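All heavy atoms count here, side chains included; hydrogens, waters and symmetry mates do not. Just so you know, these numbers come straight off a predicted model, no measurement behind them.
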Amino acid sequence: MSNLNENIVGQFSIGDTLGTTFSVFLKRFVPLNLLVLIFQLPMLIWSVSSGLFTASVENPEAAFNSFGNQFIWIAIVSTILSFASAAAVVYGVFLDITGRNISIGECLSKSLSVLVPVILSGLLAYIIILIGTVLLIVPGIFAAICFFVVIPVVVVERPGIFASLRRSADLTKGNRWSILGLFLAIMVIAIVLGFISNFITIFFVGTSLNVIAIVISTLIQVLTTTFFLIVGAVTYNNLRNSKEGVSSGEIASVFD
């Protein structure tokens, strides 16, 4: 049976969304985290083999000077892989809705099939958020809330690049204070996990136990990323449940 909320035409709830997220995260722990790890491995292997991982921890300024001309390519590849992992996890969550096992191959295939619109929609949302943040901060936060479910919209509905942003804004309308609270809650989790990761990494890097720093840092990053992506998918599901009266099974039926 699915973990996702099947109650329709109700109030969007932060508690229900987080509770369902934790439930899906734990139930589908291995396949969903494995999906994220698969997409993070190429950059991880490169950063370790090139020395960037160690250099960025020991001396960030020196790392920038040494790898500065490569950062644009690092950013491009990392962005593509992160959006691909987002699409794969969203699809995996909706496989869970229908009570099906999460197939790694199926999720990877699905992520690649929607990769271009996911990247373009995600980048456009990011640019708008960045511009809003640079100008007055508050508009950037508002844009981030409006576009909170843009990736699930693309994966499930495929309405087009600009239509995906409008659709995300429409779905979040009327629940943006709740989504802001949800956003702040997961940011607290991210900050705490980031602090733990940085402390452990700094402690072990440069010692004979350098591999421990790499493993723990990667593990925390994968777990955090997976959790956040599940939050986005569950939020999208619950918004459609509450606003449109559409059940989780009906949402997932587009993949049948």
Side-chain angles (χ1 to χ4, degrees), residues 2-6 12 17 20-21 24-25 27-28 31-40 78-126 128-129 144-172 175 179 182-183 186 222 225-244 246-256:
S2 168
N3 284 312
L4 290 223
N5 179 22
E6 289 286 355
F12 176 81
T17 301
T20 303
T21 297
V24 174
F25 179 76
K27 179 184 176 185
R28 304 293 190 174
L32 293 180
N33 281 287
L34 183 57
L35 282 170
V36 173
L37 178 61
I38 288 171
F39 285 107
Q40 289 193 2
S78 297
T79 299
I80 292 173
L81 293 175
S82 65
F83 281 130
S85 68
V89 170
V90 167
Y91 183 64
V93 170
F94 281 98
L95 285 180
D96 180 64
I97 291 176
T98 59
R100 290 183 286 175
N101 290 326
I102 297 177
S103 165
I104 299 297
E106 187 178 354
C107 291
L108 292 176
S109 175
K110 182 63 179 181
S111 69
L112 295 177
S113 72
V114 296
L115 185 55
V116 172
V118 163
I119 291 175
L120 295 178
S121 298
L123 283 177
L124 183 57
Y126 178 77
I128 294 173
I129 293 169
I145 302 305
C146 288
F147 303 143
F148 195 74
V149 294
V150 68
I151 301 302
V153 165
V154 176
V155 174
V156 177
E157 302 179 35
R158 297 195 185 189
I161 299 169
F162 295 101
S164 295
L165 270 64
R166 290 194 297 270
R167 174 65 168 154
S168 180
D170 288 340
L171 282 173
T172 57
N175 292 289
I179 294 174
L182 179 64
F183 180 77
I186 62 177
V222 167
T225 301
T226 303
F227 183 82
F228 291 170
L229 294 177
I230 296 173
V231 169
V234 173
T235 299
Y236 168 80
N237 173 81
N238 288 359
L239 285 173
R240 290 198 63 186
N241 289 165
S242 63
K243 295 193 68 173
E244 301 177 341
V246 181
S247 72
S248 302
E250 290 173 310
I251 297 172
S253 66
V254 301
F255 301 123
D256 293 337

Between [Y] and [X], is there a side-chain heavy-atom distance shorter than 4.5 Å?
X      : Y      : result
Phe12  : Lys243 : no
Asn33  : Phe25  : yes
Ile119 : Leu115 : yes
Leu239 : Ile179 : yes
Leu124 : Phe162 : yes
Val154 : Val90  : no
Phe227 : Ile186 : yes
Leu123 : Phe83  : yes

Strictly distance-based, threshold 3.5 Å: is any side-chain N or O of [X] a donor or acceptor partner for the main-chain N or O of [Y]?
X      : Y      : value
Ser168 : Ser164 : no
Thr226 : Val222 : yes
Thr20  : Thr17  : no
Ser121 : Val118 : no

Rounded at 0.5 Å granularity, tell me how far [atom1] in [X] sits from [atom2] in [Y].
X      : Y      : atom1 : atom2 : answer
Leu171 : Cys146 : CG    : SG    : 11.0 Å
Phe147 : Ile128 : CZ    : CD1   : 4.0 Å
Ser85  : Leu32  : OG    : CG    : 11.5 Å
Thr235 : Leu182 : OG1   : CG    : 4.5 Å
Asn241 : Tyr236 : CG    : OH    : 10.5 Å
Asn175 : Ser242 : CG    : OG    : 5.5 Å

For Val89, run the side chain to side chain contact (heavy atoms under 4.5 Å, CB included) check against Val24, Val36, Thr225, Ile151 and tell me which one passes.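 Exactly one candidate clears the test, Val36.
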
Where do [X] and [Y] come nearest, in terms of heavy atoms and distance?
X      : Y      : result
Ile104 : Pro31  : CD1-O, 3.5 Å
Val155 : Lys110 : O-CE, 4.1 Å
Gly92  : Ile102 : O-CD1, 3.4 Å
Cys107 : Leu95  : SG-CD1, 3.9 Å
Arg28  : Arg100 : NH2-O, 2.9 Å
Val153 : Arg167 : CG1-CG, 3.6 Å

Could you walk me through whether Ile251 and Ile97 pass the side-chain contact (heavy atoms from CB on, under 4.5 Å) test, one step at a time? CA-CA 9 Å; Ile251 297 172; Ile97 291 176; 5.5 Å; no

Are Glu157 and Arg166 close enough for a salt bridge, meaning some N to O gap below 4.0 Å?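 Here Glu157 does not pair with Arg166 in a salt bridge, since their nearest N and O are not under 4.0 Å apart.
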
In terms of ring plane angle, is the pair Phe148 and Phe183 parallel, tilted or perpendicular, where the classes change at 30° and 60°? perpendicular

Check whether more than 12 heavy atoms from other residues, nucleotides or ligands sit under 6.0 Å from atom CZ of Phe228, and answer yes or no. yes

